[in-house]
Structure formats: C-alpha cells, structure tokens
Amino acid sequence: MFLPSSRRAAETRLAHDGTASLGHVVEALGVPLPEVGELVVDGVPASGRHRPAPGTRVEVRPVARPQRVPLAEGEDAPSFLLDVHLGTLARRMRLLGLDTAYDNDCDDPSLVRWASAERRVLLTQDRGLLRRRALWFGAYVRGSRPDDQLDDVLDRFAPILRPWTRCTACNGPLVPVDAADVADALEEGTRRTQTAYGRCAACGRIYWRGAHGEHLAAIVARAERIVATRTP
C-alpha cells in the first residue's frame with residue numbers, strides 16, 4: 001500500500017550503488033521502517049543497517065501481528081499517542097480502557113518527543129512522521145472510518161482491554177461515585193432514570209449510561225471479539 005503504483009508487483013528492481021543502507025533503500029521506495037517486519041537478504045535475516053551489494057535479492061516482510069511492544073516493568077499493555085487527525089479513534093480507544101494520549105494542537109516534533117519521552121506507540125496516517133529517526137515506536141493506522149481504524153489497531157497490537165475505566169475526554173481514570181455525591185451536577189431527568197455513575201479522577205467529568213449506551217456497548221463487544229481472536 002505504500003509503494004507507487006508502478007512498483008506494486010511481487011518483485012521490483014532497483015538501481016543501487018552498494019553504499020546506502022537497506023533501511024534507506026526501503027524507505028526510498030515509500031515504506032516507513034515502522035511498517036517493515038523482517039528483512040531477509042539472499043535468504044539470511046538482516047537489519048536495516050545492512051549494506052546490500054548490487055545483485056542482492058531482498059525480501060521485505062510485513063510487521064507480524066499481533067505486534068509486540070517493549071513494556072516497562074509493571075506494565076501489561078502498551079500506551080498510545082495519536083496524532084491530531086485521529087481524535088475519534090482516541091475516544092474509542094479510551095472507551096476500551098487503553099491509555100491513549102491525544103492533543104489536537106500538537107505539531108509533529110512535539111508528538112515525536114512526547115511519544116519517546118513516555119514510551120508511547122505513536123499512531124498516525126502521516127508517513128513522514130513515521131520516518132523521523134527520533135521516534136521510539138510508531139505505527140500507521142489503516143482505514144478512513146473510525147470503525148476500521150479501531151479494528152486495525154486492535155488486530156495489530158491485541159492489547160489488554162479494560163472497558164469503561166477511562167475518561168473519553170481526557171484519558172483520566174474513572175472511579176465509581178454515589179448518586180448523592182453528583183446529584184447537584186445532573187439534570188432532573190438523569191437523576192430520575194440513572195443509578196450508576198462514574199467520575200473522572202483527573203477532570204471531574206461525570207459518566208452514566210445514556211442514550212448512546214447501546215452503541216458504545218456494541219463497540220466494546222466488537223473490540224473484545226477482535227482481541228480474543230488475536231490472543232493465544
């Protein structure tokens with residue numbers, strides 16, 4: 001999908017002087033290195049730093065799915081950072097309990113620094129962003145609709161899901177609260193029809209099962225099915 005149409009064949013020939021690294025050659029074709037799996041040179045696995053000789057046959061394999069992300073001690077799931085064009089996807093990932101940072105006013109250099117400083121997987125549809133050398137870990141999100149984008153992320157990483165535990169607005173943790181503790185902040189109709197509430201420990205936003213509850217529950221159920229098929 002990253003190749004120009006003229007090169008979308010099973011094999012393609014490239015002019016090469018023997019000095020450029022294999023990683024440079026692959027990216028020159030339009031494929032960001034975070035989207036490259038194993039590289040095999042004349043039948044032998046190689047790194048992106050390898051300098052292939054003229055006449056070499058190279059196999060560029062896709063990223064294995066589910067893809068493993070290096071985790072810090074005590075972590076059991078990766079954390080994510082989404083670029084400015086993936087706001088709806090960010091809210092859906094938070095709905096599933098995934099630690100998902102997002103800022104719709106963050107430029108590319110800031111995103112790379114943020115992802116690297118907090119060891120977050122940067123999700124984007126910007127190939128240029130994935131080519132930045134300072135980026136710790138990144139992934140291209142496939143699909144134009146939020147449903148398809150979420151399916152792709154879940155299929156690629158198969159993360160542990162903890163639905164209904166994060167604020168979809170700010171990513172903070174949700175904690176249960178008594179109805180009496182939030183009554184003053186609710187409309188009369190909500191107080192009359194709802195009994196279970198949660199509140200974001202970071203921004204104070206209050207949550208309850210509202211008119212969109214069934215739609216959100218369907219998103220959660222679909223996500224759980226996808227992850228279940230990817231988990232050994």
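Positions are given from 1 along the sequence.
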Is the backbone of [Y] close enough, under 3.5 Å, to the side chain of [X] for a donor and an acceptor to pair up by distance?
X	Y	result
R166	N171	yes
Q67	F157	no
Y102	V84	yes
R7	R13	yes
R94	T100	yes
H85	Q125	no

[X] [atom1] to [Y] [atom2] distance, which is reported to the nearest 0.5 Å:
X	Y	atom1	atom2	value
D83	C106	CG	SG	9.5 Å
L29	H24	CG	NE2	10.0 Å
R205	L174	CZ	CG	10.0 Å
D151	R222	CG	CZ	4.0 Å
D76	R162	CG	CZ	4.0 Å
R120	L111	CZ	CG	12.0 Å

Between R131, R156, R127, which is the residue that forms a salt bridge (charged side-chain N to carboxylate O under 4.0 Å, His left out) with E35? R156

Evaluate the side-chain proximity of [Y] to [X]: yes if any heavy-atom separation is below 4.5 Å, no if none is.
X	Y	answer
V121	L81	no
V153	M93	yes
V58	V26	no
E27	V36	no
D152	R65	yes
R119	F137	no
P78	L71	yes
P159	L154	yes

Correct closest heavy-atom pair for P54 and G18 would be CD-CA, 4.3 Å

Is the CZ atom of R8 crowded by more than 12 outside heavy atoms at less than 6.0 Å? yes

Exactly one of V141, D147, D148 clears side-chain contact (heavy atoms from CB on, under 4.5 Å) with L89, and that residue is V141

NZ/NE/NH1/NH2 to OD/OE distance under 4.0 Å, D155 and R142: no

